[in-house]
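We name chains A, B, ... by the order of the sequence lines, and we start the count at 1 in each one.
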Amino acid sequence: MEPRSFPPDVFARLAPEIYFERFLEQGSRPTGRKFTEFRPLLVQQGRQSELAPSALGSAVVRAGQATVICGISGGLTDFENEGGVYANVEIHRGGRSGAPTAEEMVLTRRTHELILAAQIDPSNFKIDIPDSIEPCRKELVLNASIRVLSRTGPCLDLVWAALVAALNDTRIPLFAEDERTHNIIPTCERKPLVLPETLVSSVSTFGLLKSGEVLADPDGPTEEACISNYVNVAKTDNGLLTKFSLLCTDTTDGVDAEKIGEILSLAGRPVSTV
Amino acid sequence: MPLHNSDGSAEWIAGHNGGDTRIICSVNGPIEVKTRDELPTMATLELVVRPVVGLPTIRETLLQDCTYGCLRSIVLRTQLPRSLIQIVVQVLDAGEPVEYTVYELVGAINSSVLALANAGIPLSGLVVAVCLAIVEGEIVLNPGVDQLKKSQSTHAVAYKVDNGPEEVRFRLVMCESTGLFTQNELLQVLETAEDAAREENKKMRSMIEQQVAESLAFA
């Protein structure tokens, strides 16, 4: 019997662990990046919604093969203290639609937790109508629809970058009371949101190998198939953390304080805005 | 064992006043698995987290995801191939405002580990979770509702304890920290959490020992 040989991409699918190990032995990764190297993150803000004219704000984020689009639309709620930013993440996988997958739900919830941790000033969402005699109870709700196109790996970092860029781009309309119907209607005037510094944090994803080696920004099917330990860090520009989530189920030596220090020092990826 | 019709069950009561959060968990397994979910080399692990009121939302999906990750690391699934281990976590009293999930996450992990042990599912060790918060710069273990509302950050930390002698190493399995905190604060939280987990581990082990002693027919 002759030994069989396969082209690299077939071998990578048949035996991802062995394929991945060969790269690691040589100190490189299947994507060609160094262990601690992030994919360059390209952020394009909608510039007052040139990308989507009907949206209040929008942004596109690209990293490697993956693209994330975020559009922000507005609405009003009658409930007090319910105004705010609500995100919904969808991952497009070749036209199939149906109930949201577990990954989409987890991403949506994680994004929501990051929004809560950022503590956006609630006065942003209060509707101030100067002529109105009665105080207005309605509050503004911003719905962020985030779509991940061509997902290539864990994408919380891209989703958050897209949301932050879209919120920076968002111009919310000022409201007035319609004299005839007494309904609250948006005017043509717009104002930007007052966003806290804590919102402008970058989320970095790390994979931890069984040996304890840290891989920044895991991406691609091989890395995803072989890495079972993940760490997400949300770090603001002044070094504060808003989120640290770690799930390490498969390490030989465990994760000690030194390893966490190493991960935290690597966190905070550079972002280039177009 | 609070539920008598399941193979194993446990109720976890925790909180500042010793009873704010109540979570009950049932484990059934190994039972027959649907052909669609059958894995030829290992057991299928199914976990459902149910909220106090209504149907599970994405909040519970994240709790489920984190709990599942922890349980996956201890259940010796290869010992029960082609079978199903079904875990249902029901929150009876959340004991925390809806924006927070720390207590429910810790309760879901601890109650399911105890219920798995109670059901006699082979485990490679225990996962012990603890809940902390940083309130006015101080690290507080098992914070009360008022302290949670005042806190700068909340932390749910889980350690894995392998079966073996007393002085085994505690391995960090999960950490969910939310809020606003520094690197040093996080490292201090992990240090405090490890000490708390050692205490919690002793309690959980004695609970399991007591349960085993009671269930022995000729004891």
Within a reach of under 6.0 Å around CG of B/Leu55, are more than 12 heavy atoms found that belong to other residues, nucleotides or ligands?
-> no
With chain B, which of A/Leu246, A/Thr108, A/Val233 has the greatest number of heavy-atom pairs at distances under 4.5 Å?
-> A/Leu246
Most heavy-atom pairs under 4.5 Å with chain A, out of B/Met174, B/Glu185, B/Lys160, belong to B/Met174
More than 12 heavy atoms of other groups within 6.0 Å of A/Ile18 CD1 | no
Full working for side-chain contact (heavy atoms from CB on, under 4.5 Å) between B/Gln64 and A/Val106 | CA-CA 9 Å; B/Gln64 222 164 273; A/Val106 168; over 6 Å; no
Most contact-rich option vs chain A, by heavy-atom pairs under 4.5 angstrom, among B/Val157, B/Val173, B/Thr57, is B/Val173
Report the option among B/Ala156, B/Ser73, B/Ser177 that has the most heavy-atom pairs separated by less than 4.5 Å from atoms of chain A.
-> B/Ser177
Answer with side chain, backbone, both or neither: which region of B/Arg59 has an atom nearer than 4.5 Å to a non-hydrogen atom of chain A?
-> both
Should A/Arg110 and B/Glu176 count as an ion pair when the cut-off is N to O under 4.0 Å?
-> yes
Taking the side chain as C-beta and beyond, is there a heavy-atom pair between B/Leu186 and A/Leu264 under 4.5 Å?
-> yes
Honestly, the part of B/Ser153 sitting under 4.5 Å from a heavy atom of chain A is neither
Tell me, out of A/Ala117, A/Gly239, A/Ser245, who's got the most heavy-atom pairs with chain B below 4.5 Å.
-> A/Ser245
Closest approach of A/Leu247 and B/Gly69, non-hydrogen atoms and distance?
-> CD2-CA, 3.8 Å
Of the backbone (N, CA, C, O) and the side chain (C-beta and beyond), which part of A/Thr198 lies under 4.5 Å from a heavy atom of chain B, both, or neither?
-> side chain
Decide if atom CD of B/Gln152 counts as having more than 12 heavy atoms of other residues, nucleotides or ligands within a radius under 6.0 Å.
-> yes
Could you tell me whether B/Glu99 atom CD has more than 12 heavy atoms of other residues or ligands within 6.0 Å of it?
-> yes
Measuring from B/Leu180:CG to A/Leu240:CG, what's the distance to the nearest 0.5 Å?
-> 5.0 Å
Region of A/Leu241 in contact with chain B, defined by heavy-atom distances below 4.5 Å = both
Between A/Glu113 and B/Thr101, is a side-chain contact (heavy atoms from CB on, under 4.5 Å) present by the stated rule, with each step listed?
-> CA-CA 10 Å; A/Glu113 283 189 350; B/Thr101 50; 3.9 Å; yes
Hey, could you give me the CG/CZ distance between A/Asp256 and B/Arg171, rounded to the nearest 0.5 Å?
-> 12.0 Å
Under a 4.5 Å heavy-atom cut-off, does chain B meet the side chain of A/Ile260, its backbone, both or neither?
-> side chain
Should we count CZ of B/Arg50 as having more than 12 external heavy atoms under 6.0 Å?
-> no
Portion of B/Leu172 that has a non-hydrogen atom of chain A nearer than 4.5 angstrom | both
Mind ranking A/Glu104, A/Met105, A/Arg109 by heavy-atom pairs under 4.5 Å with chain B and telling me who comes out on top?
-> A/Arg109
